[in-house]
Amino acid sequence: MYIVPEKEIAGLMTREAAFAAVEKVFAAMASDDAYNFPVVREAIGHEDALYGFKGGFDRAGLTLGLKAGGYWPNNLEKRGLINHQSTVFLFDPDTGKAKAMVGGNLLTALRTAAASSVSIKHLARNDAKVIGMIGAGHQATFQLRAALEQRPFEKVIGWNYHPEMLPNIEKVAAEAGVPFEAVDLPGMAEADVILSITSAFAPSLLADHVSPGTHVACMGTDTKGKQEVEAELLVKASVFTDEVAQSISIGEAQHAVAQGLIRESDVAQIGAVINGTNPGRTSADQITLFDGTGVGLQDLAVAASVVDLAVAQGIAIEVDF
Ligand code: NAD
């Protein structure tokens, strides 16, 4: 089996490779070639940690495995380690033998950024010029960097619950040569694409803050109870997601469905748009919303891609196992 350590991922994985892997696996999910296993997530009663497994099988890409890991809130303060820790394990689908063990921390950030980028590619207007960011934490910088590659954006506008964090995303905009402006939430009406990535449990973005024709990518809500946008926005929008079952239970759509504002059948898989079986955006004034909940198959897809790169470049550690 191969081992690809966390410290090698940054030098191997590119945003382009992550995008291609995620786009392909979303398509495979929509054509029933790939499915995610039920997620396990446990508060283990030690170090306040949340630990779990996200796995799946992609019959088209022949990728089988799981991501194991979670959140250790005391890591940074106590040990100088990042709080999110994960490792991906891949298995040979023909034999069940372990195939690879891959550092999953940076890959998680890249696959999440790739997901909103895939949604922008397939659902945003081609003439989108202004991108609005809600959130300015660790993940926001990855999301913005990847999103800026999908359209020739001329301006980034940003709002964050903690305004002192806004320089994090201002820096990413500056590196891409795009001007940045801090706005209030009604100011998001200027945006053609809005990308939301926060750990909020109450809506920031209201339906009235979003102009006709906007594409909204909601990336922060991945747990029961979290919420970034007003449920009424999902009534005004055409709603797409990575996986419908997750969207309506732990994703942004959980609230609109629970309140009876939309039904499960109102939420479509983005993979169907990629495959061409769902038309996606059909008019310039339609609001589209992508509910990116994060699925195990995304992790497996980027891990398989990085193993190929590591083997090709002679960086993968091979062990007899
Ligand atoms: P972070 O801690 O670095 O940043 C948190 C962000 O949320 C900051 O912008 C902060 O200001 C904002 N925030 C905190 N409390 C808020 C509140 N009450 N109202 C509005 N905003 C608030 O975290 P991160 O690593 O950037 O992750 C952000 C979120 O994305 C988390 O909820 C995480 O679980 C989620 N996430 C989702 C996926 C996915 O696949 N969908 C993947 C990775 C992370």
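Ligands are counted one by one from 1 in listed order, and the atoms in each one are counted from 1 as well.
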Compare all side-chain heavy atoms of R151 with those of V193 and state whether any distance is below 4.5 angstrom.
no
Write down, by chain and number, every protein residue that brings a non-hydrogen atom to less than 4.0 Å from an atom of ligand 1.
R111, T112, G135, A136, G137, H138, Q139, N160, Y161, H162, M165, I197, T198, S199, A200, S204, M219, G220, D222, K226, G292, T293, G294
Would you indicate whether K226, at its atom NZ, is surrounded by more than 12 heavy atoms from other residues, nucleotides or ligands within a distance under 6.0 Å?
yes
When L297, T87, T108 are each screened for side-chain contact (heavy atoms from CB on, under 4.5 Å) with K67, the one that passes is T108
When you measure from the side chain of E6 to the backbone of N105, do you find a donor-acceptor pair of N or O atoms at a distance under 3.5 Å?
yes
Quick one, L148 and V156 - any side-chain contact, counting heavy atoms below 4.5 Å?
yes
Taking distance alone, no hydrogens or angles, what donor-acceptor pairs closer than 3.5 Å link side-chain atoms of residues 160-167 to residues at least two apart or in another chain?
from, atom 1, to, atom 2, distance (Å)
N160, OD1, A136, N, 3.3
N160, ND2, H162, O, 2.9

